[in-house]
Each structure stands twice: as structure tokens, then as C-alpha cells.
Amino acid sequence: MDSRLVSKAPRGSYRRFILVGAFNSLIFYLFWRGFIEAFSNLERGETWAWAMAWTIGSFIAHFTHRHWTFDNRRHIAKTTTGTYLVYILGLLGSTITYDFLILHINSLNLVFLITMAMWGLIDWWLLRKLVFLYSDEEE
């Protein structure tokens, strides 16, 4: 790994989470926009699109964050179980947040950004502290 990346965005840091999360967010955004089109005839179709894209994005994010943000020192069964508990909480909380904001803000992209930023910070903290039990020390 490039030593500049390690010094600027060390493993487990919020900066590293954002870098890896940018990739995850792009994938999530593309699914979300596709589902918005697919669910355009449903009542609350945007909210359903958010929930579906969050679910798919969470699956992808577990593996990218395990590999690039944190590390693979903990057994995958433990990190998978813990991650999905965090992402289920995130699914519920972010969908409620999204649905609330969509009623008050007239820009889908702004609602996307606000919700992603808020729940991204919460997810990072929970993943770092409770799932990956990340510390800077090597075992």
C-alpha cells in the first residue's frame, strides 16, 4: 500500500472510510436512481428505492470496508453478523430520515447527500467500535 495513503488516511480512520465509501456511495447512488425510475409509479417510490439500494449497498460495503477500511483480523462470520446488525439499524434509521427529509426538501440529490453523510458517520463509528473492534495496534 502506498505510504502516502497510509499516512494521510490510515486504516480505521474516518478519512479512509470516506475514500472507500466514495466507491460504495457511487454504486449505491446508481442503484438508488435506477430504483427511483423502476418505482416511479408507486406511492413513496423514492423511499422504497432508498431502502432497496441501501440493502444492496450494505452487502457490497461490508466487503469493501473489511478489505480496505479496517482489516480482516476478525473472523468473517463475526464481522458479517455484526455488520448486518449495524446496516439493519442504518436501513431503518436512514429510511426514516430519508422519508422525513423528502417531505421537507425539494431536491432528491440533497436529501441523498444529507442522509448519506449523517448515516455514514454513524455507520463508521459503529463498525469501527463494535464490529471490527479496530485498533491501530497489530496483533
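Just so we're clear, the structure is a prediction, and the values are computed from it rather than from any experiment. In this chain, numbering begins with 1 at the start of the sequence shown.
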Fill in the blank from the handout: Nearest heavy-atom contact between Thr115 and Ser94 is CG2-O, 3.6 Å
Practice task
Decide side chain to side chain contact (heavy atoms under 4.5 Å, CB included) for Leu101 and Ile114; before the verdict, give the C-alpha distance in whole Å, the side-chain angles of both, and the deciding distance to 0.1 Å.
Solution key: CA-CA 9 Å; Leu101 291 175; Ile114 292 169; 3.6 Å; yes
Handout entry: More than 12 heavy atoms of other groups within 6.0 Å of Asn106 CG
Key = no
Practice task
Taking the side chain as every heavy atom from C-beta outward, state whether Ile60 and Phe28 have any atom pair closer than 4.5 Å.
Solution key: no
Handout entry: Cluster overlap Met118 with Met116, hydrophobic side-chain contacts below 4.5 Å
Key = yes
Problem - Separation between CD1 of Ile88 and OG1 of Thr83, rounded to the nearest 0.5 Å - result: 11.0 Å
Exercise for the section: Measure from the ring center of Tyr87 to the ring center of Trp119 and say whether it is less than 6.0 Å. Expected result: no
Problem - Check: Thr64 and Phe23 side chains under 4.5 Å, non-hydrogen atoms - result: yes
Problem - Minimum heavy-atom distance Tyr84-Ser58, with the two atoms named - result: OH-O, 3.9 Å
Practice task
Please check if the distance between the ring centroids of Tyr14 and Trp125 is under 6.0 Å.
Solution key: no
Exercise for the section: Please examine the side chains of Ile76 and His62, heavy atoms only from C-beta on, and report whether any two atoms are closer than 4.5 Å. Expected result: yes
Problem - Parallel, tilted or perpendicular: rings of Phe17 and His65 (30°, 60°) - result: parallel
Problem - Val20/Arg66 under side chain to side chain contact (heavy atoms under 4.5 Å, CB included): CA gap, chis, key distance, verdict - result: CA-CA 10 Å; Val20 175; Arg66 178 180 166 81; over 6 Å; no
Exercise for the section: State plainly whether one hydrophobic cluster holds both Phe100 and Leu113, where clusters connect Ile, Leu, Val, Met, Phe, Trp and Tyr through side-chain heavy atoms under 4.5 angstrom apart. Expected result: yes
Practice task
Following the transitive rule for hydrophobic clusters with a side-chain heavy-atom cut-off under 4.5 Å over Ile, Leu, Val, Met, Phe, Trp and Tyr, establish whether Leu110 and Trp50 coincide in one cluster.
Solution key: yes
Problem - Proximity of Trp48 and Phe39 rings by center, below 6.0 Å - result: no
Handout entry: Single-linkage hydrophobic cluster Leu91~Leu126, side-chain heavy atoms < 4.5 angstrom
Key = yes
Fill in the blank from the handout: CG of Leu85 to OG1 of Thr80, rounded to nearest 0.5 Å, is 11.0 Å
Exercise for the section: Give me the ring orientation class for Phe112 and Tyr29: parallel if the planes are under 30° apart, tilted from 30 to 60°, perpendicular past 60°. Expected result: perpendicular
Practice task
May I ask whether Leu127 and Leu89 are part of the same hydrophobic cluster, defined by side-chain heavy atoms of I, L, V, M, F, W, Y residues being less than 4.5 angstrom apart, directly or through others?
Solution key: yes
Practice task
Look at atom CZ of Phe35 and say whether more than 12 heavy atoms of other residues, nucleotides or ligands are closer to it than 6.0 Å.
Solution key: yes
Exercise for the section: Answer yes or no: are there more than 12 heavy-atom neighbours, outside Phe59 itself, under 6.0 Å from its atom CZ? Expected result: no
